[in-house]
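Input: a single structure, listed below in structure tokens.
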Amino acid sequence: MEEHYQVRTLSIDIGGSGIKVMILDSQGNPLGERLRLETPQPATPEAVINTIAKLIAEAGEFERVSVGFPGVVRRGVVETAANLNPSWIGFNLAAELSKILRKPVRVINDADMQGLGAITGKGVELVITLGTGFGSALFLDGKLVPNLEMGHHRFRKNQTYEEQLGRDALNRVGSKKWNRRIEKAIASLNKLFNYDYLYIGGGEATKVKIQLPANTKIIPNISGLIGGIALWRD
Ligand code: BGC
């Protein structure tokens, strides 16, 4: 049988509550199960990297690594980490992880990575993620506008999107009220961006129960990992 050389990508999704990994084949299809461990507390760089090492030990072989990080990342260096730990600020995650794993590593914002795993590549596409935090990503014809940080932007009642719609808010106000807020957020974002499509992802997206507009769709959380293949599309 003819053998094809496969470049396998280890995709890592670092979240405020869980860290997930999965190996993708050269086309971006999953090669194994998604593995998940709780995010360690405090979520310092060292603790998170130790958790990643535990997951990798179970994951299998790979040649390169893509990471979705829950904060602003520029050229591999973390600039914000609202839901992890302040010790991340200034940490060169791409370089440090690459040194440890001895593989090339690319790092991008988690919502940006989730968007890359979900969009069609046509027109203006906005992605929001509902999890511990509130993530956002904007694309024009498939090209990313990096590090759109809607989560920390003012939404209503003197609070940000993240304060009104993050997991803490959901637990505090309950699903009914949270869903009403989602409805208001969609209306507000639609007026601002006039997007062609809106995608809603993240661990809490399944709790969205409102009737969605025709151009709005819930995407599976696995797209946060699937999007990792797009980081190597040069
Ligand atoms: C961060 C974003 C991130 C989002 C979801 C926010 O608090 O600022 O960068 O995408 O949480 O994890």
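Positions are given from 1 along the sequence. Just so you know, ligand 1 is whichever comes first in the structure, and atom 1 is the first atom listed for that ligand. Here the structure is a predicted model, which means the values were calculated and not measured.
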Problem - Same apolar cluster (I L V M F W Y, side chains within < 4.5 Å links), Leu126/Ile108 - result: no

Problem - Distance filter under 4.0 Å to Asn109 heavy atoms, resulting ligand 1 atoms - result: 2 (C), 3 (C), 9 (O), 10 (O)

Exercise for the section: Measure the distance from atom 12 (O) of ligand 1 to every protein heavy atom, then report the residue, atom name and distance (to 0.1 Å) of the closest one. Expected result: Asp110 OD2, 2.6 Å

Practice task
Could you tell me whether Arg167 and Glu204 make a salt bridge, using a distance below 4.0 angstrom between a side-chain N and a carboxylate O?
Solution key: yes

Problem - Per-atom contacts, ligand 1 versus Asn83 - under 4.0 Å to a heavy atom - result: 7 (O), 11 (O)

Completion exercise
So for Asn147 against ligand 1, with non-hydrogen atoms under 4.0 Å, the contacting part is neither

Problem - Thr132 contact mode with ligand 1 (heavy-atom cut-off under 4.0 Å) - result: neither

Exercise for the section: State whether the shortest distance between N or O atoms of Glu162 and N or O atoms of ligand 1 falls below 3.5 angstrom. Expected result: yes

Exercise for the section: Before accepting this row, confirm whether a basic side-chain N of the pair Arg180/Glu183 lies closer than 4.0 Å to the acidic partner's carboxylate O. Expected result: no

Exercise for the section: Could you establish whether Gly151 and ligand 1 come within less than 4.0 Å of each other, counting only heavy atoms on the residue side? Expected result: no

Exercise for the section: Can you sort out which atoms of ligand 1 are near Gly135, meaning under 4.0 Å from one of its heavy atoms? Expected result: 4 (C), 5 (C), 10 (O)

Problem - atom 2 (C) of ligand 1 - nearest protein heavy atom and its distance - result: Glu149 OE2, 3.2 Å

Handout entry: Min side-chain heavy-atom separation Leu35-Leu37 under 4.5 Å
Key = no

Practice task
Specify whether Phe69 and Trp88 have parallel, tilted or perpendicular ring planes, treating 30° as the upper limit for parallel and 60° as the lower limit for perpendicular.
Solution key: tilted

